[in-house]
Structure formats: structure tokens, C-alpha cells
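Working notes for the structure below.
Here is how names work: the chains are called A, B, and so on, in the same order as the sequence lines, proteins then strands, and each is numbered from 1. Keep in mind it's a predicted model, so treat the numbers as computed, not measured.
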Number of protein chains: 2
Amino acid sequence: MQPTELPKELAARRIDRPVPLREHVYQAMQELIISRRLAPGQHLVESELAQMLGVSRQPVREALQWLNNEGWVDLRPGYGAFVHQPTPDEADQLLAVRSLLESESARLAATQADEEGIARLRDLNKQGFEALAADDVDTAVALNAAVHRCVTELSGNKVLLDFATQVDRRVRWYYTPIARQRGKQSWQEHAKLIDAIENRDAEAAARIMQEHTERTRKSYLEQRDADGEQEQQLIELPTRRRRRSSPAKG
Amino acid sequence: MQPTELPKELAARRIDRPVPLREHVYQAMQELIISRRLAPGQHLVESELAQMLGVSRQPVREALQWLNNEGWVDLRPGYGAFVHQPTPDEADQLLAVRSLLESESARLAATQADEEGIARLRDLNKQGFEALAADDVDTAVALNAAVHRCVTELSGNKVLLDFATQVDRRVRWYYTPIARQRGKQSWQEHAKLIDAIENRDAEAAARIMQEHTERTRKSYLEQRDADGEQEQQLIELPTRRRRRSSPAKG
DNA sequence: TTCTAGTCGACTGCCTACAGCATACAGTCC
DNA sequence: GGACTGTATGCTGTAGGCAGTCGACTAGAA
């Protein structure tokens, strides 16, 4: 089988290796999944992935475990890994949980944040406006994520941060397309949020964050109804025979 | 090295093996950690665990990954696994997040739950009162967890359920001792909660759940201040030499 | 005594190989 | 012709082993 373009890159990385191979595998596969080049529901055969990425099955297995934790793939013991099927329902549920976690974060941040943290927030938001003005959408999206993350960090609750990070990662799978479309308003809402935090007004901060995230959720729903999924070029993992799916139940 | 008492048990299990070994390893280790026979901060050497449990390193590695996801151990790449150090701070943060997630669950359950689900709740709570009357603390603790889980299931938000389950597992590490002490009041609160859900009063349900869980949190803090940690007999993992800890940073 | 270089060995990360199960296919019996 | 059984083979789970890395210990010098 001729490897896709990835193995050379991996082979290169392999030379300076303080970072475990599984990390690279993890990242490569995450990219493939996010970009939908591996189709939802697709069976991921360890040996094929290993060959494709130029490593053995071991690091692939470990990477698959991580991907499983983070909701990118589903593991069925004895039957291997399958790319997770994102459903509209799940997206909505994720966004709901995100809203919950982040509004609580904002509430806590209003009482916990220090001056330096608030300054950091302001700076990020300023950069966001600038990216917006420069039409630099990628940067704006990244900065948006950074603002939200920063608020959660300022909550001072590490557990909350952990969970919010998890949700955020998964949400972005669905959400990136919309994130690219919400413009100035979003950053104005951030500004208000930061004001509330600075004024130590916990309730206001929580409310603003909730409205802010709920608006995102609504955008998602609208967009979803508006346009269908666009097709993507899938990686055809070459096998002669392939298991159809999970075992017949019962 | 002479294995501890575990390997025979595992060896027996090994005969009827539809379940992967790593599952058994996972459960065995979780038990050892919860019971504090593996000390917080202790370095878990794969080969020793493998020998102790009578399996090879591979299933141990995979079990460690799971344990890591769920917060029981911390993995430091290149340095192995360490039993997670639970701190009072973290416990408090976990309980705070739990409160958040569960009160939202209650809110949603009030609008989403069906008759059958509510009946299930009532039944669990009835059993809880009975266990309490019979002084069967273990059953009462289990039923308490079941009630909370059931509410979260009835929320209809699978993501919320996922996270709540995670939190719950970890919380129980700290929390079991107090859970054993909260008595009748707790079950009366459940009853009120179920009433609110049945009446479709989302706000009341959320409020009751929040107060209920916050009360637990307070109990935890009080208890923590009251008595210190009792010592436990640790498993001495036999090695000649052992790395002290993680590498010197920077 | 304290600092430094060198050596030893423990431990992780990774690879290869094998065993067992599950599926798919082909041939056989009713 | 349809159901059943036997066989080939893909794929996972697990074992075992090798190499590189990092910490601990030791000896020698300042």
C-alpha cells in the first residue's frame, strides 16, 4: 500500500523525539477526523493506520484511546475503533453544557479574577477586534477560543477548566463553521462580559456569558437547518475485506 | 517476586475471557487506589503491576490510560504513571461542578422526564428510606448514587450525563465517608425534588438539587476540618530502586 | 566537604509476533 | 433453492523483547 502524504512528515518528526510517537499519531488522526477525511462511522483498522503513519500498532492503539476519551472515536472492545458519528442532537447538547460551564466560569471569574487576568482578557479582546478589522478570520476564531478559555481559567476552578476544555474541543468539530461567521457582535459581548468581571458583578457576568453562548447555540441551529453537509474527499483505507460493523446483538 | 493475593483471582477470571484483561486490571487498580492501598503520589511501575496482576505490560498500560482519563492516576510522558494526589481544593471544586451539573440536570428532568422515569425515581427513593430504616448504609449509599444518576439520565442530555458520571466517580473518592453520614434529611430532599419534577417545576427542581448538593459540599468541608486522614496499610511495590519523582523542571 | 564526571541500571516507549475470535465465502445436505 | 457447516482470513488482544533515556550512585578533583 502506498502511504498518503503523512508518513514522511512523521518520519521527519521521528528524528527529534522527546515527544512520543503516539502524540503525533493522535494529532494526525484528529486532523483527519476534523477535516472529515476519515468518515464518521468509519472503522479504523489499527494495522492500516499504523502502516499509513509509518509506526507500529502500539502507538496507534494508545492514540485511539485518547481520541476515544475526547469523543473523536468510539471504541467497541473486540471490534476496534470507529470514527464518532456527530449528530445534531449531540451538538446541541454539547453547546448546552458549554453554556452552563462557561456561565458558571464567568460567575466565578467575577469574584476570583486578579488584575493581571482581567488585563489579559482585555488584551485578547482587543486583538480580536483587530483581527476582525483585518478580516483575519482564522486568528479571530483562535482568539475567540482564547478569550473563553481565559475566563474559565480565571474562575480558579481547575475541574471546571478541565471539563470546559473537553467540551470546547468537541464542540469545535461542529462549531468551527459558525464561529467563522459570528462577527463584531460577539466581540462586543465579550467586552461587556469583561466589564462585568472587572466590576465584580458575578450575576451580570454569568448572565452575559449565558446569553452569549446561547446565541452561539442558536446560530448553530439556524445554520444547520440552512445548509446541508458539504461532501468531503475521504481517505479510502485500503483493505480487501472489512468487517461490516459491530457484532449482531444478542 | 511473590505476587499479592490478586493474581489467582485474575488467573481464574482469565479462563472465561470474553472481557479483555485490561478491564480486570482497571478494576483491580481502581479498587487499590480507592482503598488507598496504593498511596497518592506513588509511582506505578508498569512491570511491577504486570507481575503483580499476572499479565503483561500491555494491558496494564491500557488500564493506566483509562485510569488517567478518569482522574485516578496522572501520566507523565516518559516518566510513567503516578497515583493522583487528591487535594481538599480539588474535592471542593469537584463538588461545586457536581452541584452545577446536577442542578441543571434536575431543571431539564422537570421538563423532559416521562412517567416511567418519575416512577423509577420514586421507587429508588422508597428503597432508600427502607435501607435507611434497616441501617443498611452500603445500600443506602448506592441508592443515593442511583437517584442522582437517574435524575441526570432523565435530563435527556447525554453529554451532561457523561460529565456528571465522571465527576461522580471522582467525587466518591473523597466523598464516600460523608455520604455514609447524611441520613434521613437527604432522602426527604430527594422526595421534594421528585415532587418538583413531577409538577414540571423546572426552577424549583434546580433549586432543590442545588441546595441539596451544596449541603453535601458543606458537610464535606466540615468533616474535613473535623478529622484528619486516617492511615491505611499501603501496598509496598517491591523494587530495588525507585525514581524519586518527576524530572527536575527546566 | 562539595562539586563534577562517569557508570550502572531501572523504566518507558516501541516493535514484532502469536493466539483466538469473528466474519465472509464456498461447498454440502435437506 | 435455502439453510447449514467447514475453511480461510482479517483484526484485535496480549506477550515478550529491545533500545534509548533518565535517575541514582560512586569516585575523583577542587
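Closest contact between the side chain of A:R22 and the listed nucleotides D:dT12, C:dG13, C:dT23 involves C:dG13. Distance from the side chain of A:Y79 is smallest for C:dA22 among the nucleotides D:dA15, C:dA22, C:dC15. Distance from the side chain of A:P20 is smallest for C:dC14 among the nucleotides D:dT14, C:dC14, C:dC15.
The residues A:E62 and B:R61 are annotated as salt-bridged, a charged nitrogen and a carboxylate oxygen being separated by less than 4.0 angstrom. Classification of A:R170 and A:E70 as a salt-bridged pair fails, no side-chain N sitting under 4.0 Å from a carboxylate O.
Distance CD (B:E46) to C1' (C:dC14): 11 Å, rounded to an integer number of Å. Spacing between atom CG of B:L75 and atom C1' of C:dG13 amounts to 13 Å, rounded to whole angstrom units. Counting to the nearest Å, the P atom of D:dT12 and the CD atom of A:E48 are 8 Å from each other. Atom pair A:H24:NE2 and C:dG13:P shows a separation of 13 Å (rounding to whole Å applied). Atom CG in A:L49 sits about 11 Å away from atom P in D:dC11, given to the nearest Å. Between the P atom of C:dC15 and the CD atom of A:Q51 lies a distance of 13 Å, rounded to the nearest Å. When the P atom of D:dG13 is taken as reference, atom CG of A:L44 falls 13 Å away, rounded to whole Å.
Not a single side chain to side chain donor-acceptor pair (under 3.5 Å) links B:D162 to another residue, sequence neighbours left out. Residues meeting the side chain to side chain contact (heavy atoms under 4.5 Å, CB included) test with B:E23, sequence neighbours left out: B:V19, B:P20. Residues forming a side chain to side chain donor-acceptor pair (under 3.5 Å) with A:Q166 (at least two apart in sequence, or on another chain): none.
Looking at B:Q58 and A:Q58, their side chains do bring a donor and an acceptor atom within 3.5 Å of each other.
Screening residues 141-152 of chain B for salt bridge (charged side-chain N to carboxylate O under 4.0 Å, His left out), with sequence neighbours left out, gives B:R149-B:E153.
Contact between the side-chain N/O atoms of B:H43 and the OP1/OP2 oxygens of C:dT12 is found at a separation under 4.0 Å.
Side-chain N or O atoms of B:Q93 include one that pairs as donor or acceptor with a backbone N or O of A:K158 at under 3.5 Å.
When the C1' atoms of four end pairs are superposed on the next four at each end of the helix from C:dT1-D:dA30 to C:dC30-D:dG1, using five pairs per end, the two resulting axes differ in direction by 10°, to 10°.
Contact check for B:H43 versus B:F82: side-chain heavy atoms found under the 4.5 Å cut-off.
Residues from residues 57-67 of chain A with heavy atoms under 4.0 angstrom of DNA chain D, sorted by number: A:R57, A:R61.
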